[in-house]
Amino acid sequence: MAGFRRTVLLEVATELFSRQGYHAVGINDIGAAAGVTGPAVYRHFQNKDAILRELCNTAMTELLAGARRAAQAGDPQHVLNALISVHAGFGSRHRRLVAVYVREHRALSPIALRALRRRQRDYEAIWSEALRQVRSDLGTAEIRGVVTAVLSLINAAAHMPTELDDAAVERLLSAGAAAALLARSPVDVDVDSAAG
């Protein structure tokens, strides 16, 4: 029962943080939305930071585990495709959690934020190594830049229209990520005709 209640509290916190923002939500708000008193929340979490820390770590743990599996795909292009699938799939299924992770992780305590950033760097390194093997035309800084851009693109799952189902969101994110990773030259855009 304690595990179930903890899960409910995390789900409620995800919903509230994603809609209202971390700083606008109090422990009492989380408790009320979960059907318990505010003080009852403290039986499961030390404080609000602990809730946010668990949400961010849950996201990073699933993404890192998926990326490490993807890295075993063998052929570098297959690795990239698997990485896209892992992140786009996660983002499409957990849009509210992605919103919390992207927007609110900076509110973590300094120690928790440093630990999370180490894990983020590990995750990005897997992407960078896969891209390096596919894109010999890019330097180290460019690879990091492309990876940063692609992860931001996939994390746009948090802002996708609610009318789109998970499968549609995953398709859109995957297509955008693949295009960004493999684009060899800038897209030619006629600014004057695009504006007119």
Side-chain angles (χ1 to χ4, degrees), residues 3-4 6-22 25 30 33-34 51-108 116-117 119-131 134-135 143-183 187:
F4 172 75
R6 185 182 179 86
T7 299
V8 169
L9 289 169
L10 288 169
E11 289 172 353
V12 164
T14 301
E15 173 68 24
L16 292 175
F17 292 166
S18 69
R19 278 195 290 111
Q20 300 175 32
Y22 174 76
V25 176
I30 295 169
I51 296 172
L52 181 60
R53 185 170 64 245
E54 182 149 343
L55 293 175
C56 290
N57 282 330
T58 295
M60 197 70 255
T61 295
E62 186 166 336
L63 289 171
L64 257 176
R68 287 171 176 148
R69 285 192 305 273
Q72 307 304 313
D75 175 73
Q77 185 60 60
H78 290 152
V79 172
L80 272 184
N81 291 340
L83 287 170
I84 292 169
S85 179
V86 164
H87 203 126
F90 178 84
S92 64
R93 292 189 314 273
H94 303 287
R95 295 186 224 181
R96 288 187 181 92
L97 179 56
V98 171
V100 173
Y101 179 89
V102 169
R103 290 197 314 252
E104 309 297 343
H105 74 274
R106 290 173 193 84
L108 287 167
L116 181 65
R117 286 195 168 140
R119 301 180 79 206
Q120 287 173 330
R121 286 192 295 273
D122 290 344
Y123 183 67
E124 291 162 6
I126 295 171
W127 278 79
S128 293
E129 176 56 23
L131 185 58
V134 172
R135 295 289 308 275
I143 287 172
R144 285 202 313 269
V146 170
V147 167
T148 298
V150 167
L151 294 181
S152 294
L153 183 157
I154 300 176
N155 285 337
H159 309 293
M160 284 289 180
T162 55
E163 303 92 312
L164 294 176
D165 64 19
D166 293 352
V169 169
E170 184 172 358
R171 280 195 306 275
L172 289 170
L173 297 175
S174 296
L181 286 167
L182 301 176
V187 177

- Okay, side chain of Arg103, backbone of Gly21: is any donor-acceptor separation there less than 3.5 Å? no
Per-pair distances, 0.1 Å, donor-acceptor, side chain in residues 58-68, under 3.5 Å, sequence neighbours excluded:
{"unit_1": "Thr58", "atom_1": "OG1", "unit_2": "Glu54", "atom_2": "O", "d": "2.7"}
{"unit_1": "Thr61", "atom_1": "OG1", "unit_2": "Asn57", "atom_2": "O", "d": "2.7"}
{"unit_1": "Thr61", "atom_1": "OG1", "unit_2": "Arg119", "atom_2": "NH1", "d": "3.3"}
{"unit_1": "Thr61", "atom_1": "OG1", "unit_2": "Arg119", "atom_2": "NH2", "d": "2.8"}
{"unit_1": "Glu62", "atom_1": "OE2", "unit_2": "Arg93", "atom_2": "NH2", "d": "3.2"}

- Exactly one candidate in Leu153, Val147, Thr148 meets side chain to side chain contact (heavy atoms under 4.5 Å, CB included) with Leu151; the answer is Val147
- Item | Ala70 to Val79 - nearest heavy-atom pair and separation | O-CG2, 3.5 Å
- Query: Excluding sequence neighbours, so at least two apart, what forms salt bridge (charged side-chain N to carboxylate O under 4.0 Å, His left out) with Arg96?
  - Reply: Glu15
- Sorted by chain and residue number, the side chain to side chain contact (heavy atoms under 4.5 Å, CB included) partners of Val12 (sequence neighbours excluded) come out as Val8, Leu16, Ile30, Ala33, Ala34
- Message: Assess the residue pair Leu181 and Ile84 against the criterion (side chain to side chain contact (heavy atoms under 4.5 Å, CB included)); give the C-alpha distance rounded to whole Å, side-chain angles, the decisive distance to 0.1 Å, and a yes or no.
- Response: CA-CA 10 Å; Leu181 286 167; Ile84 292 169; 3.6 Å; yes
- How about Ile126 and Leu83: do any of their side-chain heavy atoms sit closer than 4.5 Å? yes
- Message: So Val134 and Leu182, do their side chains get closer than 4.5 Å, heavy atoms only?
- Response: yes
- Item | pair Leu173-Phe90: side-chain heavy atoms closer than 4.5 Å | no
- Looking only at heavy atoms, the pair that brings Thr14 and Leu55 closest together is OG1-CD2, 3.2 Å
- Task: Locate the shortest heavy-atom distance separating Thr162 from Arg95; write the atom from each residue and the value.
- Result: CA-NH1, 4.3 Å
- Query: If you take all heavy atoms of Cys56 and Leu116, which pair is closest and at what distance?
  - Reply: CB-CD2, 4.0 Å
- Message: Can you list everything that forms a side chain to side chain contact (heavy atoms under 4.5 Å, CB included) with Ser92? Sequence neighbours excluded, please.
- Response: Asp166, Val169, Glu170
- Message: Check whether Arg144 reaches the backbone of Ser128 with its side chain - one donor and one acceptor, N or O, closer than 3.5 Å.
- Response: no
- Task: Grab the two heavy atoms, one from Pro76 and one from Ala130, that are nearest each other, plus how far apart they are.
- Result: CB-O, 4.4 Å
- Item | Residues in side-chain hydrogen bond (donor to acceptor under 3.5 Å, both in side chains) contact with Tyr123, at least two apart in sequence or another chain | His87, Trp127
- Message: Just to verify, what does Gln77 make a side-chain hydrogen bond (donor to acceptor under 3.5 Å, both in side chains) with, not counting sequence neighbours?
- Response: Asn81
- Message: To the closest 0.5 Å, what do you measure between CZ (Arg6) and CD1 (Ile51)?
- Response: 9.0 Å
- Note on the structure: Value for OH (Tyr22) from CZ (Arg106), rounded to nearest 0.5 Å, stands at 14.5 Å
